[in-house]
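Counting starts at 1 for both ligands and their atoms, in listed order.
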Amino acid sequence: MQIVRELDPLRNAVAALKADGALALVPTMGALHEGHLTLVREARRLAAHVAVSIFVNPRQFGPREDLAKYPRQLERDCELLEAEGVSLVWAPGVEAMYPAGYATNVSVSGVSEGLCGEARPGHFDGVATVVCKLFNQVRPDMALFGEKDWQQLAVIRRMARDLDLVLPHAGAIRGVPTVREADGLALSSRNAYLSPTDRAAAVALPTGMKAAIAAIRAGTPIAQATARLKAELVEAGFASVDYAEVRDAASLAPVEALDADPARLFVAARIGGTRLIDNMPV
Ligand code: PAF
């Protein structure tokens with residue numbers, strides 16, 4: 001497994017791998033957990049070679065967010081990736097990704113509005129910008145992302161289509177279902193920040209979401225079910241709820257009543273200073 005930190009060696013490494021077969025990219029910010037490794041395993045199933053990028057992208061963190069304390073553990077991440085048969089780790093420093101004078105921003109409207117787009121202004125510009133750069137740097141045949149960040153996936157798909165990014169087919173950007181702990185909490189690098197008490201209380205997020213979905217399917221109005229879910233999360237120990245909303249799974253337009261189109265429940269809530277997000281089909 002090659003670990004590359006500058007663009008020139010990256011280009012050489014990518015050219016050699018692509019000469020040997022399809023290359024799949026798994027973009028990450030490191031602090032790898034089983035959710036990332038599931039993406040890597042799926043990528044290995046689909047492509048001859050897997051490249052994993054590890055870059056804690058400052059442009060997707062707001063001024064009051066956790067950039068400085070975001071977990072960084074490159075050595076351990078590389079050991080995990082080597083054991084999974086990854087061919088290439090692309091781990092640029094901030095200077096390699098955004099050299100002095102860097103001035104370009106990729107901004108996707110529509111799907112980036114509302115939900116995390118509202119709660120974290122500028123976040124999706126940062127994500128779209130870095131993923132656009134990663135696609136251009138690695139030029140993968142496919143890229144895999146976790147469905148836990150469903151809105152992020154929608155933003156990336158829109159960006160790739162709108163900018164005619166060179167990916168060989170429409171399904172080249174793949175979403176992989178969320179990996180969960182035994183009690184249902186979605187895996188996230190941020191779960192590491194939770195105290196034992198907050199971790200125990202955090203299970204209210206997936207269980208409350210499942211109960212709200214069951215209520216909606218049984219005919220409870222969406223607004224009533226989501227209001228009850230917000231109140232239950234606060235009662236369970238969450239400090240606040242950024243949003244609990246049902247939206248169209250593809251367009252992310254708000255849904256007030258279920259129809260034939262797939263819809264999902266999206267929630268972001270804060271517990272002990274940590275912001276957790278999740279989404280599930282309704
Ligand atoms: O989901 C993430 O880890 C990040 O948002 C991504 C896609 C690697 C871009 O920095």
Legend entry - Proximal ligand 1 atoms for V130, defined as those under 4.0 Å from one of its heavy atoms: 9 (C), 10 (O)
Legend entry - Polar contact flag for Q152 and ligand 1 (N/O pairs, less than 3.5 Å): yes
Legend entry - Audit row: N105, R59, side-chain contact (heavy atoms from CB on, under 4.5 Å) steps and yes/no: CA-CA 9 Å; N105 187 45; R59 295 176 75 97; 3.9 Å; yes
Legend entry - N57 and Y98: side chain donor to acceptor below 3.5 Å: yes
Legend entry - For P27, atoms of ligand 1 separated by under 4.0 Å from a heavy atom: 8 (C)
Legend entry - Closest to atom 9 (C) of ligand 1 (judged by heavy-atom distance), picking from H123, K148, Q60: Q60
Inset, instruction - Tell me which part of T28 gets within contact of ligand 1: side chain, backbone, both or neither, using heavy atoms under 4.0 Å. - result: backbone
Legend entry - Close side-chain approach of L185 and R180, heavy atoms under 4.5 Å: no
Legend entry - Heavy-atom donor-acceptor pair, W150 side chain to A249 backbone, under 3.5 Å: yes
Inset, instruction - Using atom types as modelled and distance alone, determine if a side-chain donor or acceptor of T220 lies under 3.5 Å from a backbone N or O of I216. - result: no
